[in-house]
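Side-chain atoms are counted along with the backbone in the values below, which use heavy atoms only and exclude waters and symmetry mates. Please read these numbers as outputs of a predicted model, since none were measured by experiment.
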Amino acid sequence: MTSAQFVYSHDLEIAMVAQMALSSRFTLPAAIAAKLSDITLTGPSQEIVTALDQYQLVPILEVIGASDLAHFHVATFAEKAGILPPNELINLFFGGQITQPAKTWPPLAKQLATLGYTVSALVGQYLFDHQQTFLADLQTFLNAVASHLTATDFKAADAAAQELQTQLAPRLAKEAPLLLAEDLMGKQFRHRGPYQRFFFVPTFFGPTIRIFGRQQTLFIHVPQAQLTPAEIAAMWKALADDTRYAIVRLMDTNGPLRAVDLIDHIGFSAPTISHHLDILRQARLIHVEPVGRAKYYSLNRNRFRQLELILQRLSESKEPQ
């Protein structure tokens, strides 16, 4: 029977903060970013992290997400990751998508290329030859992040995690974990397992991220902030177009679709479809899930639920004061 577990710890939040600090795609809260401003990676390790980031990868979280999250400790990250052979560790960095990763770099590079990852020999061969050095650098970075954060920094995170756990506990006991995960992300997953275990991990500082391999880990962003007037207006503007509305309807009917699928259905050119997808993505009305060389687009149903609540409030009659 598949097990599902709700897990929260300061160590997991530290790992999330470290991953965000190493990525150009995430923005840390200003107060946390200021505390970490003097922490850096240098040399080959920074080059490797930058190379992985261009593929929207989250290597620290991928490694952790493949382990027993209930017993994760920042202090033993490199020790536990270092047990893996280089080919398996590199495969994890790239989402663990290869069933049997090659044991030397050139053939592994070819396997990754079939998934759409063109990785230089400088990066791949370095990871094979200097795996322990790279992990030691990541460990030093994680330790530095941990040393710059205090219990006060986690006060709001602790409260939010406890509230979310209270809300989800009844559902975790009754609902299928995969369906619960889809509902929390507001999207239909393309990768559907089967998974041996599910971990639900609240993160106050980071975004909602799904890690999937033999098990599934869902980092859930809390709390869900109320929409600002600018965000609401951006969503209405994104939907106020015939083509974009047609795209939304197609995703609602068919589930995750590639841009080429939308082109076949709607008939516009690739640049035009990409333009409309960018507007929907910027309004956070759709999710983007890379699958090898392709990108699959699906509705962010959480955002549509928020719009539904706004319409509901506007449609309710108000008693005159």
Side-chain angles (χ1 to χ4, degrees), residues 2-5 7 12 15-16 18-19 22-23 25 48-49 51-72 76-119 123-128 131-132 134-135 138-139 142 177-178 181-182 185 187 189-201 203 206-220 256 287-296:
T2 302
S3 64
Q5 190 173 356
V7 180
L12 287 169
M16 173 61 78
Q19 180 66 75
L22 290 174
S23 175
R25 298 182 295 114
I48 289 170
V49 166
L52 296 176
D53 188 49
Q54 72 174 325
Y55 289 112
Q56 300 185 6
L57 301 172
V58 285
I60 291 176
L61 299 183
E62 290 283 3
V63 172
I64 295 170
S67 65
D68 184 354
L69 278 79
H71 296 94
F72 169 72
T76 59
F77 170 81
E79 176 186 343
K80 297 292 180 63
I83 296 173
L84 295 170
N87 63 322
E88 294 183 18
L89 183 65
I90 293 172
N91 187 34
L92 272 187
F93 287 166
F94 285 87
Q97 300 180 60
I98 302 172
T99 304
Q100 293 183 316
K103 295 183 178 180
T104 57
W105 172 243
L108 180 56
K110 292 181 180 179
Q111 289 178 318
L112 292 172
T114 64
L115 297 174
Y117 303 118
T118 305
V119 187
V123 170
Q125 196 63 59
Y126 182 88
L127 286 172
F128 263 92
Q131 172 181 317
Q132 298 304 324
F134 178 64
L135 289 175
L138 287 184
Q139 184 68 67
L142 281 163
L178 183 68
E182 286 186 319
M185 283 201 79
K187 64 178 289 188
F189 295 153
R190 184 167 181 80
H191 289 282
R192 307 184 65 80
Y195 301 110
Q196 298 171 353
R197 292 190 295 183
F198 287 79
F199 288 102
F200 294 85
V201 185
T203 172
T208 296
I209 297 177
R210 180 182 179 227
I211 307 293
F212 47 86
R214 288 187 296 273
Q215 65 186 31
Q216 177 182 271
T217 299
L218 184 65
F219 292 90
I220 311 164
H287 291 288
V288 184
E289 183 176 337
V291 180
R293 296 179 181 180
K295 291 182 180 179
Y296 283 83

Revision key, fill the gap. Applying side chain to side chain contact (heavy atoms under 4.5 Å, CB included) to Pro207 and not counting sequence neighbours gives Met16, Met20, Phe26, Ile209

Practice item. Kindly write out the residues that satisfy side chain to side chain contact (heavy atoms under 4.5 Å, CB included) with Pro194, not counting sequence neighbours, or none if the list is empty. Key: none

Practice item. Not counting sequence neighbours, which residues clear ring pair (Phe, Tyr, Trp, His ring centres under 6.0 Å) with Phe94? List them please. Key: Tyr117

Check your understanding: If you look only at pairs with a residue in residues 58-69, which of them pass as a side-chain hydrogen bond (donor to acceptor under 3.5 Å, both in side chains), with sequence neighbours excluded?
Key -> Asp68-His71

Check your understanding: Would you call the rings of Tyr195 and Phe198 parallel, tilted or perpendicular if under 30° counts as parallel and over 60° as perpendicular?
Key -> perpendicular

Exercise for review: State, with a plain yes or no, whether a side-chain heavy atom of Ile98 is found less than 4.5 Å away from one of Asn87.
Suggested key: no

**Study point:** Within 6.0 Å of CD in Gln54, more than 12 heavy atoms from elsewhere
**Key:** yes

**Study point:** Residue list, ring pair (Phe, Tyr, Trp, His ring centres under 6.0 Å) with Phe189, at least two apart or on another chain
**Key:** none

Point to revise | side chain to side chain contact (heavy atoms under 4.5 Å, CB included) against Ala109, all qualifying residues, sequence neighbours excluded | key: Trp105

Point to revise | side chain to side chain donor-acceptor pair (under 3.5 Å) involving Gln215 - partner list, sequence neighbours excluded | key: Arg197

Study note, to complete from the structure: For Glu88, the salt bridge (Lys or Arg N to Asp or Glu O under 4.0 Å) test, sequence neighbours excluded, returns none

Review point. For the side chain of Gln111 and the backbone of Ala102, is there at least one donor-acceptor N/O pair under 3.5 Å apart?
Key: yes

Point to revise | For Phe134, ring pair (Phe, Tyr, Trp, His ring centres under 6.0 Å) partners two or more places apart | key: Phe93

Exercise for review: Identify, with sequence neighbours excluded, every residue that meets ring pair (Phe, Tyr, Trp, His ring centres under 6.0 Å) alongside Tyr126.
Suggested key: His130

Review point. What residues form a salt bridge (Lys or Arg N to Asp or Glu O under 4.0 Å) with Arg214, not counting sequence neighbours?
Key: none

**Study point:** Minimum side-chain heavy-atom gap Leu89-Leu127 below 4.5 Å
**Key:** no

Check your understanding: What residues, two or more places apart in sequence or in another chain, satisfy side chain to side chain contact (heavy atoms under 4.5 Å, CB included) together with Asp53?
Key -> Ser23, Ser24, Arg25

